Amino acid sequence: MQNDIRHDWTRAEVQALFDMPFMDLMFQAQTLHRRYHQPNTVQLSTLLSIKTGACPEDCAYCPQSVRFETGLAKEPLMEVMAVVDAAREAKANGATRFCMGAAWRSPKDKDLLKVETMVREVKSLGLETCVTLGMLKDHQAQRLADAGLDYYNHNLDTSPEYYEKIISTRTYEDRLETLANVRAAGVKVCSGGIVGMGEQTADRAELLRQLATLEVHPESVPINDLVQVDGTPLALGKVTPIDGLDFVRVIAVARVMMPKSSVRLSAGRTQMSDETQAMCFMAGANSIFYGDKLLTTENPQNLRDRALLAKLGMQIEGKVTTEVAIGDREACHVQCDHHHEAAHEHATA
Ligand code: SAM
Ligand code: DTB
Ligand code: SF4
């Protein structure tokens, strides 16, 4: 429906969504979710840190900042073949997107050469590609687009007001400028944030309002629950973690405000119960990071995730086509068309 996709949300409207009775909010989110997405399907993305640690930025949540003693071993930019091997393994495990992250403030033009090759090679395996490399200039975004990059991840992280308490080495405007450069280059935008950093509900509301008032909604919206890493200013005991139901609310409000976008239940799942994750899927999350590691911290083991998805009767996006044997192509087409029609019905209902 035309009015579902809005770009003119006011602060009061978003706050009102957060203030709704939980069940009403969940119903609204699930209704919109079913209108635009397959309700029992989840997309799997696998992360790889291609350049680790020694980052000059001071993001208070991040184990990779050079300013904090987190005991993390730093690693230079990986070789292309090692990245391709990891991507092949991710694909074998069921991932459809491979996300490569580098602990940079912004990439140097010469670093991009290697990243462009990584993108081309990973794409040639039949995987979607995503990279997150920090701030990008317009010509750099264009180079990545020319290499065939599908998504660029660059999170707004929190509200502009709270941002200043979390990061001092760059501005919110810098972040928005990179998102504009990525969009202008024709690469799909992956942008979300982190909750559980001691922010107020108003900050969560404003983060989502910033994302939903962009000219085009990000195609992918990762919602991270802070992983509290020893040695960072937001380590255990420094801030109160977000309540599970409040986290579910953030997912639900994101779904309501950006109905067509993919909403990813991102970092922080290791410490989440199956029940909280199930509520997140009900609230409209339709993507997760899959694989034993995020960038540098733990993620649930594949076995635990497989068991959870099986318990919920959830399908893995893209699995039908990857599992079909060559002789079964015909059957696959029938099934894929069926899926396509179902999605179309939802979109036009
Ligand atoms: N350096 C680039 C940048 O900051 O844009 C790319 C890599 S950075 C590690 C990617 C994202 O990871 C950050 O924007 C942040 O949202 C998320 N992140 C980092 N540390 C986190 C943590 N401890 N818990 C949850 N999310 C985290
Ligand atoms: C995103 O929003 N979350 C991912 C990905 N985009 C790059 C990163 C999570 C990082 C969690 C901390 C770590 O493992 O270093
Ligand atoms: Fe560096 Fe990115 Fe970590 Fe900030 S979030 S310290 S920019 S790696």
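These numbers come from a predicted model, not from an experiment. Quick note: numbers below take in every heavy atom, side chains included, and nothing from hydrogens, waters or symmetry partners. Counting starts at 1 for both ligands and their atoms, following the listed order. This chain uses plain numbering: 1 for the first residue, then up along the sequence.
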Practice task
For Q271, look at atom CD and say whether over 12 heavy atoms of other residues, nucleotides or ligands are found less than 6.0 Å away.
Solution key: yes

Problem - Per-atom contacts of ligand 2 with P222, taking only distances under 4.0 Å to non-hydrogen atoms - result: 2 (O)

Practice task
Would you mind telling me if ligand 1 is within reach of the side chain of L234, the backbone, both or neither, using heavy atoms under 4.0 Å?
Solution key: neither

Problem - Rounded distance (nearest 0.5 Å) linking atom CG of L295 with atom NZ of K51 - result: 12.0 Å

Problem - Per atom 18 (N) of ligand 1, closest listed option by heavy atom (T297, I194, L294) - result: I194

Handout entry: Given S49, P222, C130, the one that forms side chain to side chain contact (heavy atoms under 4.5 Å, CB included) with C99
Key = C130

Handout entry: Contact with ligand 1 for G134, non-hydrogen, under 4.0 angstrom
Key = yes

Problem - Close approach, P63 and ligand 2, non-hydrogen under 4.0 angstrom - result: yes

Problem - More than 12 heavy atoms of other groups within 6.0 Å of Q200 CD - result: no

Problem - Subset of ligand 3 atoms that lie under 4.0 Å from at least one heavy atom of C59 - result: 4 (Fe), 5 (S), 6 (S), 7 (S)

Exercise for the section: Please identify which atoms of ligand 2 are closer than 4.0 Å to at least one heavy atom of N155. Expected result: 1 (C), 2 (O)

Practice task
Indicate the atoms forming the closest heavy-atom contact of A283 with R255, along with that distance.
Solution key: O-CB, 3.4 Å

Exercise for the section: For the residue pair R143 and D109, establish whether any side-chain heavy-atom pair is separated by less than 4.5 Å. Expected result: yes

Completion exercise
One should read off an interatomic distance between N299 CG and R304 CZ, to the nearest 0.5 angstrom, of 9.5 Å

Problem - Any L294 side-chain heavy atom under 4.5 Å of N224 side chain - result: no

Exercise for the section: Check the surroundings of atom CZ in F22: do more than 12 heavy atoms from other residues, nucleotides or ligands lie under 6.0 Å from it? Expected result: yes

Fill in the blank from the handout: Per salt bridge (Lys or Arg N to Asp or Glu O under 4.0 Å), E219 is matched among R264, R97, R183 by R183

Exercise for the section: For D230, look at atom CG and say whether over 12 heavy atoms of other residues, nucleotides or ligands are found less than 6.0 Å away. Expected result: no

Practice task
Taking only heavy atoms of L47 into account, list the atoms of ligand 2 that are under 4.0 Å away from them.
Solution key: 4 (C), 5 (C), 7 (C)

Handout entry: Atoms of ligand 1, numbered as shown, that sit under 4.0 Å from any heavy atom of W104
Key = 1 (N), 2 (C)

Problem - V84 and R88, any side-chain heavy atoms less than 4.5 Å apart - result: yes

Exercise for the section: List every atom of ligand 1 that sits less than 4.0 Å from any heavy atom of A267, numbering the atoms from 1 in the order shown and giving each element. Expected result: 25 (C)

Handout entry: Atom CE of M282 with >12 non-hydrogen neighbours under 6.0 angstrom
Key = no

Problem - Any N or O of N224 closer than 3.5 Å to N or O of ligand 2 - result: yes

Exercise for the section: Please examine the side chains of V182 and L144, heavy atoms only from C-beta on, and report whether any two atoms are closer than 4.5 Å. Expected result: no

Problem - V227-ligand 2 polar pair, N/O distance under 3.5 Å - result: no

Practice task
Would you check whether F289 reaches within less than 4.0 Å of ligand 2, judged by its heavy atoms?
Solution key: yes

Problem - atom 7 (S) of ligand 3: the protein heavy-atom neighbour that sits closest, reported with distance to 0.1 Å - result: R170 NH1, 3.3 Å

Handout entry: atom 12 (O) of ligand 1 protein-contacted, heavy-atom criterion under 4.0 angstrom
Key = no

Problem - Metal check, atom 1 (Fe) of ligand 3 vs C55 N/O/S, cut-off below 2.8 Å - result: yes

Exercise for the section: Find all atoms of ligand 3 within a distance of less than 4.0 Å from any non-hydrogen atom belonging to Y61, and give their numbers and elements. Expected result: 5 (S)

Exercise for the section: Looking only at protein heavy atoms, identify the closest one to atom 21 (C) of ligand 1 and say how far it is in Å. Expected result: Y61 CD1, 3.8 Å

Fill in the blank from the handout: At under 4.0 Å between heavy atoms, what of R67 touches ligand 3? The answer is neither

Practice task
Would you check the N or O atoms of N153, main chain and side chain alike, for any that come under 3.5 Å of an N or O of ligand 1?
Solution key: no

Exercise for the section: Would you mind reporting whether N155 and T132 have side-chain heavy atoms less than 4.5 Å apart? Expected result: no

Fill in the blank from the handout: ligand 1 atoms nearer than 4.0 angstrom to some heavy atom of L295 are 9 (C)

Exercise for the section: Run the numbers on R175 and E57 for salt bridge (charged side-chain N to carboxylate O under 4.0 Å, His left out), then give the verdict. Expected result: CA-CA 13 Å; R175 281 319 252 190; E57 301 284 269; over 6 Å; no

Problem - N, O or S atom of C62 closer to atom 4 (Fe) of ligand 3 than 2.8 Å - result: no

Exercise for the section: Look at atom 8 (S) of ligand 1 and say whether a protein heavy atom is found at less than 4.0 angstrom from it. Expected result: no

Completion exercise
atom 6 (C) of ligand 1 sits nearest the protein heavy atom T132 OG1, 3.1 Å

Practice task
Give a yes or no on this: more than 12 heavy atoms of other residues, nucleotides or ligands lie within 6.0 Å of atom CD of E79.
Solution key: no

Practice task
May I ask you to identify the nearest protein heavy atom to atom 4 (O) of ligand 1, giving residue, atom name and distance to one decimal place in Å?
Solution key: R175 NH2, 3.8 Å

Exercise for the section: Name the closest protein heavy atom to atom 12 (C) of ligand 2, giving the residue it belongs to and the distance to 0.1 Å. Expected result: T297 OG1, 3.6 Å

Practice task
List every atom of ligand 1 that sits less than 4.0 Å from any heavy atom of A102, numbering the atoms from 1 in the order shown and giving each element.
Solution key: 1 (N), 2 (C), 6 (C), 7 (C)

Problem - Geometric N/O contact V227 with ligand 1, under 3.5 angstrom - result: yes

Practice task
Report the nearest protein non-hydrogen atom to atom 10 (C) of ligand 2: residue, atom name, distance rounded to 0.1 Å.
Solution key: L295 CD1, 4.2 Å

Handout entry: Within-cut-off N or O pair, D157 and ligand 1, under 3.5 Å
Key = yes

Problem - Check: T132 N/O within less than 3.5 Å of ligand 2 N/O - result: no

Practice task
Find all atoms of ligand 3 within a distance of less than 4.0 Å from any non-hydrogen atom belonging to A103, and give their numbers and elements.
Solution key: 8 (S)

Exercise for the section: Give the residue, atom name and distance (to 0.1 Å) of the protein heavy atom nearest atom 6 (N) of ligand 2. Expected result: N153 OD1, 3.3 Å

Exercise for the section: Could you label the plane-to-plane angle of the Y172 and Y163 rings as parallel, tilted or perpendicular, counting under 30° as parallel and over 60° as perpendicular? Expected result: perpendicular

Problem - Beyond-backbone contact of T96 with I316, side-chain heavy atoms, under 4.5 angstrom - result: no

Problem - Is_contact(atom 2 (Fe) of ligand 3), protein non-hydrogen, under 4.0 Å - result: no

Exercise for the section: Looking only at distances, please establish whether an N/O atom of ligand 2 is found under 3.5 Å from an N/O atom of T296. Expected result: yes

Fill in the blank from the handout: dist L136:CG -> Y152:OH (nearest 0.5 Å) comes out at 3.5 Å

Completion exercise
Here the atoms of ligand 3 under 4.0 Å from any heavy atom belonging to E57 are 1 (Fe), 4 (Fe), 6 (S), 7 (S)

